[in-house]
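What follows is one structure encoded as structure tokens, with my remarks underneath.
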Amino acid sequence: MNNAEFRKWAHRLADRMADYYENIETYPVKSGVKPGEIMAQLPKAPPASGEDMKQIMSDFENIIMPGITHWQSPDFFAYFPANGSYPSILAEMLTAALGAQCMVWDTSPAAAELEEMMMNWLRTMTGLPPDWQGVIQDTASTSTLAAILSAREKASTYDINDTGFTGMEKLRAYCSTETHSSAEKAVKIAGIGRKNLVKIAVDAEYRMDATLLKQALARDIASGFRPLIVVATLGTTGCTSVDPLNEIAEVCSEYGVWLHVDAAYGGTALLLPEYRWMIEGIEKADSFVFNPHKWMFTNFDCSAYFVKDKEALIRTFEILPEYLKTGNRGLVNDYRDWGIPLGRRFRSLKLWFVIRSFGLTQLQEKIREHIRMAQWFKFQLVAQPGFEVMAPVPLSLVCFRYAPESISGTDELNRINAELLTKLNASGKLFLTHTKLNGEYTLRMSIAGTLTTQLHVENAWELIRETAAGLKLN
Ligand SMILES: *Cc1c(COP(=O)(O)O)cnc(C)c1O
């Protein structure tokens with residue numbers, strides 16, 4: 001492909017992208033393809049000679065698009081969102097065009113300095129302590145792994161990095177029964193061992209019980225264990241419960257345990273002053289992660305990881321081979337020392353575009369609107385006989401189920417709700433997912449799409465009621 005062809009196709013693709021967003025509501029939200037259906041349409045071997053862009057794009061339309069689930073659809077209410085936006089997409093186009101590797105300051109000074117400033121902006125926007133430092137990671141999973149590794153190294157005075165485990169460590173980590181699975185994955189990878197991850201029970205609103213946490217720490221210390229880290233969550237994945245941070249932080253301070261705060265989804269709500277109660281006590285914590293790529297209109301991937309002690313992070317990850325030595329060490333941030341990968345994408349550019357293009361006020365308005373729509377949806381459920389709200393709604397996720405009076409027993413309720421979900425998603429008109437809360441099958445209505453409006457939520461509610469009414473009950 002030469003420059004003239006690139007220009008031609010770049011223009012066409014810009015139109016294709018704008019068309020996509022103009023017509024996004026016409027696609028079935030969840031792809032309906034069967035396993036293997038896409039593979040069967042792909043040649044088993046790569047082409048020997050180059051193919052025409054026209055043919056490649058035609059296959060994109062015919063083979064790939066039917067296998068896409070439309071995460072940016074305003075009728076996407078599944079999981080948590082990964083909501084992008086136009087300014088973010090434009091920045092991603094530039095990032096791809098520049099193709100810069102942003103591993104150290106020298107490899108693109110603007111990327112390093114913009115990242116530093118964007119993390120400062122986000123720190124101010126969320127109300128985190130002014131002396132904390134931030135770095136962009138790919139995902140919250142990676143950020144939480146970085147927290148556990150830093151905690152491990154700081155607690156072992158950086159010995160495990162040097163000599164490996166001696167076999168004498170009896171390290172333990174703590175989270176709640178509602179904590180995201182990325183904590184368990186990180187505990188496995190960090191060599192702590194999943195059997196040493198203690199899951200603390202939650203209260204009736206699915207929040208970690210700080211008294212039980214304290215008892216677990218005391219009991220483990222008495223048994224010769226060394227408590228290393230506690231992971232608290234602001235906005236759990238199942239039902240967006242908010243752990244009592246200040247109480248947990250008090251316990252962690254008392255026992256000298258690292259406190260990591262996972263706010264992957266919920267952190268965006270901190271842009272609203274009325275949600276700052278969630279981080280009361282944050283100054284006693286050690287690290288914090290939230291994903292602008294979930295609810296802050298920034299295309300995947302972009303995870304904002306903040307730490308109190310930058311040195312602990314850098315000492316855990318830094319390594320300095322001759323070929324990466326530069327003359328600026330100590331004067332600038334070399335972000336390859338702030339996490340696991342060496343090579344890094346220029347992710348701060350899209351944050352800069354998003355925050356400037358929306359402005360703080362409009363970001364706040366959009367987030368408030370998502371929260372308002374979730375409350376609206378909750379009140380419809382409350383007012384409608386036969387439906388049940390399954391958990392409090394502090395953010396923009398509503399957990400509910402269909403529970404008509406004629407049906408009793410968990411098994412039967414679980415069965416009809418699974419059927420309801422399958423029918424709803426097969427309609428192509430929306431996409432919802434589920435979880436289990438205390439063993440009860442629960443539908444999750446996650447309202448945070450960039451393009452989602454009141455009308456989309458109203459249509460969803462109507463479809464849910466109609467589909468539920470059409471279920472055959474035994
Ligand atoms: C989504 C989520 C994660 C994982 O996020 P990734 O960025 O995909 O790793 C972790 N914790 C919570 C609470 C989440 O909701």
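Excluded from the calculations below are hydrogen atoms, water molecules and symmetry mates; all remaining heavy atoms, backbone and side chain alike, are included. Read the numbers this way: they start at 1 and go in the same order the structure lists the ligands and their atoms.
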* Asked: Does F225 have R219 sitting over its ring (NZ/CZ under 6.0 Å from centre, angle to axis within 45°)?
  -> no
* **Polar contact flag, side-chain donor to acceptor under 3.5 angstrom, T450-Y86** => no
* Exercise: do W338 and Q137 side chains pair donor with acceptor under 3.5 Å -> no
Tabulate distances under 3.5 Å between N/O atoms of ligand 1 and N/O atoms of the protein, writing both atom names on each line.
from: ligand 1; atom 1: 7 (O); to: A140; atom 2: N; distance (Å): 2.7
from: ligand 1; atom 1: 7 (O); to: N291; atom 2: ND2; distance (Å): 2.9
from: ligand 1; atom 1: 7 (O); to: H293; atom 2: NE2; distance (Å): 3.4
from: ligand 1; atom 1: 9 (O); to: A140; atom 2: N; distance (Å): 3.4
from: ligand 1; atom 1: 9 (O); to: S141; atom 2: N; distance (Å): 2.8
from: ligand 1; atom 1: 9 (O); to: S141; atom 2: OG; distance (Å): 2.5
from: ligand 1; atom 1: 11 (N); to: D262; atom 2: OD1; distance (Å): 3.3
from: ligand 1; atom 1: 11 (N); to: D262; atom 2: OD2; distance (Å): 2.6
from: ligand 1; atom 1: 15 (O); to: T237; atom 2: OG1; distance (Å): 3.1
from: ligand 1; atom 1: 15 (O); to: K294; atom 2: NZ; distance (Å): 2.9

* For ring-ring contact (aromatic ring centres under 6.0 Å, His included), just list the numbers for Y402 and F387, CA-CA rounded to whole Å, side-chain angles, deciding distance to a tenth of an Å, and then say yes or no. => CA-CA 5 Å; Y402 182 48; F387 282 90; 5.1 Å; yes
* Asked: Just how far is it from atom NZ of K284 to atom CG of L259, taken to the nearest 0.5 Å?
  -> 10.0 Å
* **Aromatic ring proximity, centroids under 6.0 angstrom, F290 and W295** => no
